[in-house]
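Take a look at the structure below.
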Amino acid sequence: MLRLSFLLLTCLLAACATPVPEPPNIIFILADDHATKAVGCYGGINETPHLDRLAAEGMRFDRSFCTNGICAPARAVILTGKHSHLNGQLDNRQTFDGSQQTFPKLLQHAGYQTALIGKWHLKSAPTGFDHWQVLIDQGHYYNPVFRDSTGRKQYEGYATNLITDFALDWIGKRDQKKPFCLLYQHKAPHRNWMPDSAHLGMYADKTFDLPETFYDDYATRTAAAREQEMRIDGHMHLDSDLKVPPKISNHEWKVNLDRLNPEQRALWDAAYAAENQAFVEANLEGKALAEWKYQRYIKDYLGSIASVDDNLGRLMDYLEENELAENTVIIYSSDQGFFLGEHGWFDKRFMYEEAFRMPLIVRYPKEIKAGSVCDALVQNLDFGPTMLDLAGVDVPTDMQGRSLRPLLNSAGGADWREAVYYHYYEYPAVHQVKRHYGIRTDRYKLMHFYYDIDAWELYDLQNDPNELNNLYGQPGQESLTADLKQQLTALQVQYRDTAYHEWRQMTRDTLNHLAVGQPVVLRNPPADRYDGGRPDALTDGLYYEDDNVYWNFNWDCWQGFHQEDLVATVDLGEARPIHKVGLHCLQQAGSWIFYPTSVTYYFSQDGVNFFRKITIQNDVPPLKGGSMTHDFPAEVQDLTARYIRVQASNIGTCPEGHHGAGGKAWLFADEIIVE
Ligand code: SGN
Ligand code: CA
């Protein structure tokens, strides 16, 4: 609730001479994966004149951190002011519960006009906005499709420019009698870093320094640092990430390129042609190859940021021209930071500084002295409460963040927290960053990696800002460690995150049945990537009920078939009476993995002549939401057989309406069950 209603405010204004402050407009700008190292005024490696201007006219926060360094969870934390375990968005795979309390809803309730434009990524339809127009899922850089309350529409142009066009358009059309809050959220500079035509080749003549830790060997660190899959040299794709043709093996990349219109495509091809040609001819290996990849990566990443900065300039000019600059709070941040080659990495997720820390710049001339810098420990948890507070709306007591407003005037002098808390959950998953939680104080960081590991890391950020020397368990660190553990526990209690162990260790289900340990002959070999490494995976008596098991490439009780059917013949060793057969499969709707459309069981005494055939159609729609495992039970009465052949039909090609439409579909089979 506004502390004073607008009506009352107007009366008061009329009645007395003392002016009552107008509630400010708020523009919350969120970039995606924008590291501080890529912002000029943070001592970055590029130039960002407009962001620098924003900071010069406002306040730069030097120690702003996320609470769970990945996209959808970060957005949910910002909206709700609550840690992930309370707002329910633990990872990117879940769907945001839009029925809960969010700061835009509270602003709306207090008389603000609210709008959301750009990247959303929370799956459910946005709530709490008078107007919304969002990219679908991650969205595309070129000619993207936007969704609003009336449907979907594709627009010609570059995402960062379009998002700004739509934002300015909405500001222009708003009801001028009410204050507004606009969430203006970019896709850029998210992977795969496709710069706009105007910025292609802008860094062609520049060579960026390699980060000091580019060749990190992860000595002293836990297995979590070694077992990730986010190395520039090992895990980047030459085609989609590094834009090297001619071989386009990645379906998504083909889809991306095919979106470009002929003019965009000509500029694109021309920009990369000579360098790509030279690269192919040079046939680089080892360090030279890794360093080439780093240069290409960093240039495209920074090229994507150039548009974000240009468009910030457009927005600031617009506000000035329309006399909105004085009474509009502008907040610029990112969902989290990003690795720009530090430790050899790209992506985020880890609580290491490069990903954990993000830019935060706030401009509000009425309360902030131009050019101030704040080094208090703040988090994205605080953004919602800050906006509410600036709008004169009470911050609900169940929000866990704190308003930054006291810091805006006093640049860190206010009574403030001494430590921040972090908890990351998305594992097993793309990039394989293990689950961990931790605490960061002014000087130290303590992290605990758990789930399929139980390992700690401790850093002295003052002596070791690059976090290379894990002090955990070293002699002399006992009391520091005990003290930090105590503070960490206190934070977990304060934030009500005491049940982390519920997330510990995924277990495999075991089932003793007739086929366990019996040989299986496959007609089509499983695809290398998801071979599971063991020929007996389908009859090992082990399977996962856990939804997300397929992400873990190391666990080996299932096999994957790429566009092909599974055709498996089990030999029970001798003729056995059979009462039931089934195939356990894995699926997740948002991914490329689908249930078989049907499963047929054949029975034989000699493995050659099959005397009985039972087909079961799958009635689960291929695009069904959520994730699950699924059996195909078949009641078999009084049937005796030695051989059972299971044929599961792969849907083949991802269907229309799926983001992988037209690409090969996977079928993941876990266990052939015979009872
Ligand atoms: C995609 C990216 C990953 C990235 C996640 C999450 N791969 O899967 O590199 O970590 O999104 O990013 S890509 O080849 O499809 O680009 S997030 O910002 O949405 O959390
Ligand atoms: Ca992100």
Side-chain angles (χ1 to χ4, degrees), residues 30-35 38 66-78 84 89-96 118-123 134-142 144 159 185-194 228-232 234-244 248-257 259 293 297 300-301 304-305 308 333-341 344-352 354-356 358 380 424-434 529 548 550-551 553 588 590-593 654 658-661 663:
L30 196 68
D32 195 301
D33 298 353
H34 194 173
C66 56
T67 64
N68 178 1
I70 181 169
C71 187
R75 288 158 201 272
V77 166
I78 293 169
S84 308
Q89 190 81 36
L90 296 170
D91 61 33
N92 274 345
R93 297 184 284 235
Q94 287 158 320
T95 298
F96 181 64
K119 186 171 175 182
W120 169 242
H121 202 193
L122 290 172
K123 295 195 176 99
V134 298
L135 294 168
I136 316 292
D137 195 44
Q138 295 283 7
H140 288 101
Y141 277 107
Y142 279 86
Q185 310 197 142
H186 289 297
K187 168 188 175 60
H190 190 273
R191 192 181 184 185
N192 67 340
W193 321 292
M194 290 176 76
Q228 43 56 43
E229 296 185 354
M230 46 195 263
R231 293 187 53 86
I232 291 174
H235 302 109
M236 265 190 183
H237 303 306
L238 213 47
D239 54 1
S240 54
D241 290 324
L242 299 163
K243 290 82 177 193
V244 180
I248 298 179
S249 53
N250 181 324
H251 174 72
E252 268 293 279
W253 177 226
K254 187 174 157 9
V255 169
N256 261 304
L257 274 183
R259 303 186 73 81
K293 289 180 178 177
Y297 159 49
D300 283 347
Y301 176 86
S304 314
I305 287 172
V308 173
S333 191
S334 172
D335 52 353
Q336 76 296 302
F338 213 64
F339 293 101
L340 300 180
W345 296 337
F346 63 105
D347 214 67
K348 52 254 181 178
R349 298 159 193 272
F350 276 113
M351 197 194 169
Y352 299 125
E354 296 86 352
F356 182 35
M358 61 220 184
N380 52 2
Y424 169 82
Y425 303 82
E426 192 178 282
Y427 176 87
V430 59
H431 300 303
Q432 297 287 60
V433 173
K434 294 188 193 292
R529 253 168 96 188
N548 296 319
Y550 61 84
W551 282 114
F553 310 152
Q588 196 184 45
S591 74
W592 276 246
I593 305 147
C654 298
H658 187 274
H659 55 262

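Remember, it's 1-based here, ligands and their atoms both numbered in the order they're listed.
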Under 4.0 Å from any heavy atom of [X], which atoms of ligand 1 are there?
X	result
Gln138	6 (C), 11 (O), 12 (O), 17 (S), 19 (O)
His121	19 (O)
Asp32	18 (O)
His431	3 (C), 4 (C), 9 (O), 10 (O)
Asp347	4 (C), 9 (O), 10 (O)
His190	11 (O), 12 (O), 17 (S), 18 (O), 19 (O)
Arg349	4 (C), 5 (C), 6 (C), 10 (O)

*Report yes or no: does His237 have a heavy atom closer than 4.0 Å to ligand 1?*
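Contact check His237 vs ligand 1: negative.
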*asked:* Check for me whether Lys119 has a heavy atom closer than 4.0 Å to any atom of ligand 1.
replied: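 Yes; Lys119 lies near enough to ligand 1 that a heavy-atom distance drops under 4.0 Å.
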Below 3.5 angstrom, do we get any N/O pair linking [X] and ligand 1?
X	result
Lys348	yes
Ile70	no
Asn192	no

[X] side-chain N/O to [Y] backbone N/O, donor-acceptor pair under 3.5 Å:
X	Y	result
Gln185	Lys119	yes
Lys123	Asn92	yes
Asn68	Leu90	yes
Lys187	Gln138	yes

*Tell me yes or no: between the side chains of Arg349 and Tyr424, is some donor less than 3.5 Å from an acceptor?*
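Note: Arg349 and Tyr424 side chains meet the donor-acceptor criterion.
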*Mind checking whether Trp193 and Asp241 have side chains closer than 4.5 Å, heavy atoms only?*
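Side chain of Trp193 against side chain of Asp241, heavy atoms only: contact under 4.5 Å found.
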*Applying salt bridge (Lys or Arg N to Asp or Glu O under 4.0 Å), run through Arg191 and Asp33 and close with a yes or a no.*
CA-CA 8 Å; Arg191 192 181 184 185; Asp33 298 353; over 6 Å; no
*When rounded to the nearest 0.5 angstrom, what distance separates CG in Leu340 from CD1 in Ile232?*
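Between atom CG of Leu340 and atom CD1 of Ile232 there are 8.0 Å.
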*How far does CE of Met236 sit from CH2 of Trp345, to the nearest 0.5 angstrom?*
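One gets 13.5 Å once the value is rounded to the nearest 0.5 Å.
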*asked:* If you take the nearest heavy atom of each of Lys187, Glu426, Arg191, His235, which one is closest to atom 16 (O) of ligand 1?
replied: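 It is Arg191 that holds the nearest heavy atom.
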